[in-house]
Amino acid sequence: MLDKAYDPKAVEDRIYKMWEEANAFKADASSDKESFTVSMPPPNATGQLHLGHAVMLALEDIFVRFARMQGKEALWLPGTDHAAIATESVVIKKIQEEEKIADPRAALGREELLKRIAHFVDNSQDTIRSQVRKMGASCDWSRERYTMDASLSRCVNEVFVKMYKDGLIYRGHRIVNWDPKMKTTVSDDEMEYKDEKSPFYTFKYGPFEIGTARPETKFGDKYVVMHPDDKRYTKYKHGDQFECEWINGKITATVIKDKAIDPVFGTGCMTITPWHSHVDFEIAERHELDKEQIIDFEGNLLPVAKEFAGMGIEEAREKIVKKLDKKGLLLKVDEDYEHRVAVSYRGKGKVEPQIKEQWFVDVNKEVISWPAGSKKHMSLKEVMQSVIRNGDIKIIPDRFEKTYFHWIDNLRDWCVSRQIWWGHRVPVWYKEGSASSDMHVGVEPPEGDKWIQDPDTLDTWFSSGLWTWSTLIDPKLTGDNSLSLEDLLEKSPDFQKFHPTSVMETGYDILFFWVARMILMTTYATGQIPFDTVYLHGLIRTRDGKKMSKSDPSTCIDPLEVIPQFGADALRMSMIVGQSPGNDFRLYEEKIAGYRNFVNKLWNAGRFVLMKCESGGVNPGSLEAISGKRLVISKMNLVDRALMSELQKLVEDVTEGMENYKLSEVGERIYSFVWDYFCDWYLELSKENANPEVMVYAMRMILKLLHPYCPFVTEELWASFKHGDDVPLIQAEWPKADEKLKDEKAASDLQIMIDVISAIRRIRSEHSIESGKKVNVIFVTKNSEELLGELSEEIKRLAKVDNIKAQSSKYEGENTASAFTKHVEVHVPLEGLIDAEKEKEKLTKEKEQLEKFLKGVQAKLGNAKFVENAASDVVEKEKQKEKDAIQKIEKINGKLEIS
RNA sequence: GGGCGCAUAGCUCAGUUGGUUUAGAGCGUCUGGUUUACACCCAGAAGGUCGGGGGUUCGACUCCCUCUGCGCCCACCA
């Protein structure tokens with residue numbers, strides 16, 4: 001006998017092991033079944049699994065289990081990401097704290113530091129693997145990948161070289177976001193902005209007044225820029241030069257007219273520092289102006305600052321202002337100026353724009369043949385737009401398509417090189433001692449000595465952008481350097497079978513970081529889209545709607561604490577039901593506990609059915625009981641027929657919902673079916689007149705439908721309900737609705753009965769009739785005799801009624817308390833008086849509403865256009881509504897006459 | 001500055017293309033229950049002018065406009 005309460009701790013690990021041993025997660029590339037692929041977004045190999053991962057795993061596991069049960073060849077490929085800058089900064093910080101080494105890069109050197117990071121990654125990968133298992137994720141561990149695997153690194157190099165040859169990758173001096181703390185560039189998307197108050201100074205600059213919040217960059221400023229249409233400055237022409245007293249003496253300045261200047265802001269003119277500002281850089285490029293570096297890569301001033309050289313930014317700022325003030329050049333200080341400071345998303349250092357020689361991906365060059373093989377050439381930007389616009393890739397929810405297009409419109413060339421050590425090193429070599437033009441770009445190092453590899457590594461998204469397919473390349477092939485990228489794709493069975501993948505499921509926060517980059521990289525490198533559908537989940541928040549942060553454990557729910565307490569199934573349900581794609585949702589313990597209760601409810605329903613089997617002498621594992629052959633619906637009682645019918649509807653609803661990614665609705669539907677219908681009514685009604693075979697049939701159906709959501713408890717119960725030859729539930733076949741088992745009449749009759757019982761209970765409660773006291777009931781309905789025949793005993797039992805009288809016409813007579821259901825009216829004779837006026841008022845109101853409704857329906861039906869254009873079944877439905885309404889009005893009229 | 005989203009019961013949220021749902025659920029609250037599957041349970045109740053205003057319509061939680069409050073994304077001013 002099963003325990004009274006379900007204990008997930010005793011079940012989950014054992015079940016997971018069973019699945020693994022049965023090879024249930026393993027996909028077969030040689031299968032001729034339709035494939036279904038999900039690439040697991042690789043968690044950063046830096047630490048622990050958090051709730052964000054848990055949501056991702058729950059959603060994807062549901063997709064995959066459903067597909068697998070539907071008979072598809074389902075592959076869910078797990079892995080981890082080396083997370084370049086994130087990992088390096090974590091390890092560096094750790095070394096700084098634990099070993100008191102101020103600059104671990106300098107102290108340890110490249111090789112040693114990389115060794116340390118690799119070791120750290122090994123450990124956290126183990127942690128992550130075991131944590132993913134705890135969630136019940138049915139991913140194919142035999143195909144686990146890591147972005148730094150040899151085969152994946154080969155792909156990275158291949159793509160880099162291919163892009164270089166196509167002219168999509170170039171090296172250039174461009175302005176980049178420089179993080180002086182981590183000493184690396186950061187991509188546009190890896191920036192965060194913080195509001196900060198800092199003084200805003202207005203200085204005299206020759207005949208002009210210029211404003212700045214950053215006086216320390218102003219040494220090299222020798223251009224003053226204004227809008228060409230600004231009337232205040234019409235007497236100055238573009239190119240005019242003048243002498244001007246500035247920080248370190250006299251300089252010659254030049255007037256530049258450029259539309260980038262906002263005439264309304266400040267004085268409408270400014271000086272520019274092209275080396276340290278994106279906008280200034282662009283202005284300088286347009287007019288071919290000189291650029292000079294003022295601040296070095298450590299964040300200190302260069303010799304151009306003369307007496308200020310070597311000072312840090314903050315220190316220099318104050319002193320420069322003082323000096324200019326002394327010179328009489330400081331006109332105004334606005335202390336309340338608010339502006340935004342750019343901070344690195346990873347390193348959290350203040351970002352300083354710098355000009356640096358870097359590798360870039362050109363997003364505007366039109367060299368990609370797309371769709372693959374066509375003569376039309378598009379830029380990366382255009383391909384990215386096209387696949388969404390043409391519906392090749394669908395984004396759920398679709399409003400994110402707008403955001404996506406907006407992002408692409410603003411997209412600049414992508415800086416892919418980073419000055420950190422942890423990552424894929426740029427596959428470029430320079431001949432030692434020669435000019436930098438003597439350069440080799442290749443998958444393999446060049447032959448001969450004295451070649452030095454570029455010290456930079458690639459942006460982490462460069463490699464994760466290949467994730468959907470680089471993981472499918474056969475590692476046995478990648479050692480063979482004679483194979484081209486095309487060969488690798490063609491000869492890899494997994495790629496051929498499983499790409500493009502089916503669903504990319506991830507948080508909306510990395511739509512740009514990652515999803516867009518995968519589209520970019522994959523369409524270019526493989527000629528295929530990476531996935532058909534993008535499903536974006538929302539972010540989990542605390543009860544008060546705050547972000548969960550690791551730094552504040554009180555707000556944080558740790559999946560690894562929750563799982564032993566409530567079970568992985570409960571956690572999964574709590575994160576799926578009530579969550580809609582693209583919207584944030586709140587999670588807290590009561591919610592999880594609620595689904596723990598649900599899992600336990602199901603468990604007990606299972607126990608109950610097993611009990612009934614035992615007492616009924618039925619072996620739930622016997623073939624006869626489950627085959628359905630003996631389940632002849634015409635021989636069943638009404639309650640069983642109704643259940644059978646409702647089950648078929650449930651299968652249809654669940655299947656349809658799953659296919660349309662409506663996971664929340666499906667979860668709710670099953671929840672309410674199990675609890676509100678199966679347990680509260682069906683099992684209650686079956687207590688004395690049980691048909692164990694029907695119960696077993698229902699249980700098996702429910703277990704299958706619920707399995708993707710609650711894999712552990714359903715699999716565990718399955719052991720009691722499966723036949724000897726049955727496969728584990730994870731491999732079971734998804735049920736199909738059986739038309740023969742549908743019996744709408746039974747379902748609606750039972751519904752009437754349920755309504756009657758509820759109505760009686762309500763009356764009892766309203767009129768405080770003691771629960772033990774039995775009552776007489778009269779109910780009025782068209783088919784009362786039929787119902788009574790089968791159900792009066794059940795009604796008597798469940799509603800504590802000792803006499804039921806049914807009337808097929810109007811009820812007349814003694815004082816009664818009445819309750820109206822959709823189908824019948826229920827009267828319970830009472831000693832006291834009933835408020836007739838109130839009753840009448842209620843009926844009149846109902847009648848009014850119905851009449852209004854009828855009018856609307858009739859107007860619609862009277863509309864020739866509607867009747868012509870609408871589908872015939874829609875019109876039929878309207879006509880039925882009209883009929884029903886007329887009938888009901890008549891009925892009410894009848895009642896009103898009596899009173 | 002540009003874009004997107006949210007506002008429904010005390011709390012957290014559902015509500016499909018406008019109509020039969022008397023606007024639903026879970027939690028919480030209150031009342032009553034040891035009915036031997038389950039107290040991680042059962043039966044019932046209270047609680048909503050669906051953010052404000054306007055419009056379209058026979059009919060609006062649902063569509064349009066507007067206002068208010070909150071949140072997010074992108075760009076950015078020197």
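Each chain gets a letter, A, B and so on, in the order its sequence line appears, and its residues count up from 1.
Contacts of A:Phe512 with the nucleic acid, taken as non-hydrogen atoms under 4.0 Å apart, involve only primed sugar atoms and P, OP1 or OP2. Using a 4.0 Å heavy-atom criterion, one finds that A:Gly594 contacts no nucleic acid atom at all. Using a 4.0 Å heavy-atom distance criterion, A:Val609 is classed as making no nucleic acid contact. Nucleic acid contact for A:Ala213: sugar-phosphate only, since backbone atoms but no base atoms lie under 4.0 Å from a heavy atom of the residue. Residue A:Gln579 is out of contact with every strand shown, counting any heavy-atom pair closer than 4.0 Å. At the heavy-atom level, A:Asn410 lies under 4.0 Å from the strands shown only through sugar-phosphate atoms. Counting non-hydrogen atoms under 4.0 angstrom, A:Asp680 reaches the backbone sugars and phosphates but no base. Looking at heavy-atom distances under 4.0 Å, A:Ser664 makes no contact with the nucleic acid at all. Across all strands, A:Ile261 comes closer than 4.0 Å to base atoms (heavy-atom distances).
Comparing atom distances between the A:Asn604 side chain and each of B:C38, B:A45, B:G5 picks out B:C38 as nearest. Taking the side chain of A:Arg541 as heavy atoms from C-beta on, and the options B:C42, B:C72, B:C4, the nearest nucleotide is B:C72. You'll find that the side chain of A:Glu590 is closest to B:C27, out of B:A14, B:C27, B:A37. Residue A:His406 has its side chain nearest to B:C74 when only B:C42, B:C74, B:A14 are considered. Of the candidates B:C73, B:A43, B:C40, the closest approach to any side-chain atom of A:Thr403 belongs to B:C73. Distance from the side chain of A:Ser758 is smallest to B:G44 among B:C38, B:A37, B:G44. In the set B:G15, B:G44, B:A37, the nucleotide with an atom closest to the side chain of A:Glu665 is B:G15. Taking every side-chain heavy atom of A:Lys601 into account, B:C42 is the closest of B:C76, B:C40, B:C42.
Comparing the P positions of B:A23 and B:A60 gives a spacing of 14 Å, expressed to the nearest Å. The gap from the P atom of B:U8 to that of B:G15 amounts to 14 Å, rounded to the nearest Å. A gap of 12 Å separates the P atoms of B:G5 and B:C63, to the nearest Å. Comparing the C1' positions of B:A9 and B:U49 gives a spacing of 13 Å, expressed to the nearest Å. Taking atom C1' on both nucleotides, B:G54 is separated from B:A46 by 34 Å, rounded to a whole Å. When the P atom is compared between B:G51 and B:U36, the two are found 45 Å apart, to the nearest whole Å. Taking atom P on both B:G52 and B:G10, the two are 14 Å apart, rounded to the nearest angstrom. Across B:G71 and B:C13, the matching P atoms stand 15 Å from one another, rounded to whole Å.
The shortest distance between the side-chain N/O atoms of A:Arg214 and the OP1/OP2 oxygens of B:A78 is not below 4.0 Å. Of the side-chain N and O atoms in A:Arg586, one or more sit less than 4.0 angstrom from OP1 or OP2 of B:C13. Proximity of A:Asn597 to the phosphate of B:C41: a side-chain N or O atom is located under 4.0 Å from OP1 or OP2. For B:U36, neither phosphate oxygen OP1 nor OP2 lies less than 4.0 angstrom from any side-chain nitrogen or oxygen of A:Lys687. Residue A:Trp407 places no side-chain N or O under 4.0 Å from the OP1 or OP2 atom of B:G2.
A side-chain donor-acceptor contact under 3.5 Å links A:Lys218 and A:Thr271. In this model, no donor atom of one side chain and acceptor atom of the other lie less than 3.5 Å apart for A:Tyr508 and A:Asn583. Side-chain atoms of A:His287 and A:Asp258 include a donor-acceptor pair closer than 3.5 Å.
The partner of B:U35, taking Watson-Crick or G-U wobble pairs whose two distances both stay under 3.5 Å, does not exist in any strand shown. Using the Watson-Crick or G-U wobble rule with both distances under 3.5 Å, B:C50 pairs with nothing in any strand shown. Using the Watson-Crick or G-U wobble rule with both distances under 3.5 Å, B:G44 pairs with B:C30. Nucleotide B:G71 is matched to B:C4 when pairs are restricted to Watson-Crick or G-U wobble geometry with both distances under 3.5 angstrom. In this structure B:U56 sits in no base pair that meets the Watson-Crick or G-U test at under 3.5 Å. When both distances must be under 3.5 Å, the Watson-Crick or G-U wobble mate of B:G24 is B:C13.
Following rounding to the nearest Å, A:Lys259 (NZ) and B:C77 (C1') show an atom-to-atom distance of 19 Å.
Contact annotation: side chain of A:Arg596 to base of B:C40, donor-acceptor pair present below 3.5 Å. Between the side chain of A:Glu684 and the base of B:A37 there is at least one donor-acceptor pair of N/O atoms closer than 3.5 Å.
Under the ring-ring contact (aromatic ring centres under 6.0 Å, His included) test applied with A:Phe512, the options A:Tyr404, A:Trp407, A:Trp414 reduce to a single match, A:Trp407.
From A:Ile702, atom CD1 reaches atom CZ of A:Phe721 across 9.5 Å, with rounding to the nearest 0.5 Å.
Within a 6.0 Å sphere centred on CD of A:Glu285, heavy atoms belonging to other residues, nucleotides or ligands number more than 12. No more than 12 heavy atoms of other residues, nucleotides or ligands lie within 6.0 Å of CD in A:Glu589, so this atom counts as exposed by the packing criterion.
Comparing A:Lys4 and A:Val279, the nucleotide of RNA chain B nearest to each residue sits closer to the 5' end for A:Lys4. Nearer to the 5' terminus of RNA chain B, by closest-nucleotide assignment, is the contact made by A:Gly578 (compared with the other of A:Met270 and A:Gly578).
Ring pair A:Phe678/A:Phe673 is parallel by interplanar angle, where below 30° counts as parallel and above 60° as perpendicular. The aromatic rings of A:Tyr595 and A:Phe598 sit perpendicular to each other, their planes meeting at more than 60°, with 30° as the lower class boundary.
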